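What you see is a predicted model, and the numbers here were worked out from it, not measured in a lab. By convention here, the first residue in the shown sequence is residue 1. Counting starts at 1 for both ligands and their atoms, following the listed order.
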Amino acid sequence: MTNRRTLVAANWKMNGSIEGNRVLAEALIEGISAETPAEVAVCPSFVYLSQLSEQFKNTSIKLGAQNVSHLDEGAYTGEVAASMLVDFGCEYVIVGHSERRMHYRETDSRVAEKFSATQLNSMTPILCIGELLEERESNSTEEVIARQLDAVIDKVTINAFDNAVIAYEPVWAIGTGKTATPEQAQDVHQFIRLRLARHDGAIADGIRVLYGGSVKADNAPQLFEMADIDGGLIGGASLVAKDFLDICHAVRK
Ligand code: PEP
């Protein structure tokens, strides 16, 4: 098996304030060093990227964005281009989060365009995929995951997954306190890897597949222990320094 370095990424969503971010970021800087086994990234709201890029300068904490426009520039009021994120030192961009798919009607093909825009600007997309509760209950989880993955592969080709991260986030587990069991998550992570391996075994083996959905300090160790789980995308628990730091240190590799 390829040695995949664990990635723990914080999705702060629409939370934060200048003062609150300062305090939280200081605690993270204190708790994370180059020796921390996991790679750590923080994805604040767009408006705080400048503040956090200053604060994380000369630390090992990476910066990411929660969304990006699929377009390069122009008359698109309210949108943020990938090149602008590069200006603020972003290395990662979350694309296709279920909240964007759900509340802002982002389609599989739009998500694929955002994935592509991110890579064209030399950043790494964190592609979120995952099924709704009714899809799990009707045994369509694999069908949904395959559809969401294939839409991106069809647009950018499998080779693009050489510089990408996938986050499996069952929608029923996000912000609900209901975590997938490590075995449930592992089954889907393995399916994701097998799906990619149909195109390219080395890329499937090398790509990091994160789990997201109510990861907390107490369930992270069991999740991160599974063979195909390479870290987490953390929402609620990333807003509390101690909880997030505990998750960052719950690492097997
Ligand atoms: C998320 O929003 O990506 C997420 C996983 O949230 P939470 O950890 O709060 O479930």
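- Those atoms of ligand 1 with a heavy atom of G213 less than 4.0 angstrom away are 5 (C), 10 (O).
- Between R193 and D205 no salt bridge is recorded (no basic side-chain N to carboxylate O distance below 4.0 Å).
- Looking at atom 1 (C) of ligand 1, its nearest protein heavy atom turns out to be H97 NE2, 3.2 Å.
- Each of Q148, R101, K155 was evaluated against D108; a single residue qualifies, R101, per the side-chain hydrogen bond (donor to acceptor under 3.5 Å, both in side chains) test.
- Residue contact annotation: G232 has no non-hydrogen atom under 4.0 Å from ligand 1.
- Close approach to N11 involves these atoms of ligand 1, each under 4.0 Å from a residue heavy atom: 1 (C), 2 (O), 3 (O).
- With rounding to the nearest 0.5 Å, the separation of CD in E106 from NE2 in H70 is 9.5 Å.
- Around atom CD of E79, more than 12 heavy atoms belonging to other residues, nucleotides or ligands sit under 6.0 Å away.
- For ligand 1, the atoms sitting less than 4.0 Å from at least one non-hydrogen atom of A173 are 10 (O), numbered in the order shown with element in parentheses.
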Using the rule given for ring-ring contact (aromatic ring centres under 6.0 Å, His included), can you reason through Y48 versus F88, listing the C-alpha separation, both sets of side-chain angles and the distance that settles it, and then say yes or no?
CA-CA 10 Å; Y48 297 124; F88 288 95; over 10 Å; no
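- Ligand-side atoms of ligand 1 in range of G236: 7 (P), 8 (O), 9 (O), range being under 4.0 angstrom from any heavy atom.
- Close approach to L233 involves these atoms of ligand 1, each under 4.0 Å from a residue heavy atom: 3 (O), 5 (C).
- Among G175, G212, G235, the residue whose heavy atom lies closest to atom 10 (O) of ligand 1 is G175.
- Look at A237 and you'll find every heavy atom at least 4.0 Å from all atoms of ligand 1.
- Between H189 and Y211, the ring planes lie tilted relative to each other; the angle falls in the 30° to 60° range.
- Here's the thing with S214: one of its N/O atoms is less than 3.5 angstrom from an N/O atom of ligand 1.
- The cluster map of Ile, Leu, Val, Met, Phe, Trp and Tyr, joined by side-chain heavy atoms under 4.5 Å apart, puts F191 and V152 in the same cluster.
- In this structure, the protein non-hydrogen atom closest to atom 3 (O) of ligand 1 is E169 OE2, 2.7 Å.
- Between E26 and R22, at least one side-chain N (NZ, or NE/NH1/NH2) sits under 4.0 Å from a carboxylate O, which counts as a salt bridge.
- In the candidate list K216, K13, K178, K13 is nearest to atom 2 (O) of ligand 1, counting heavy atoms.
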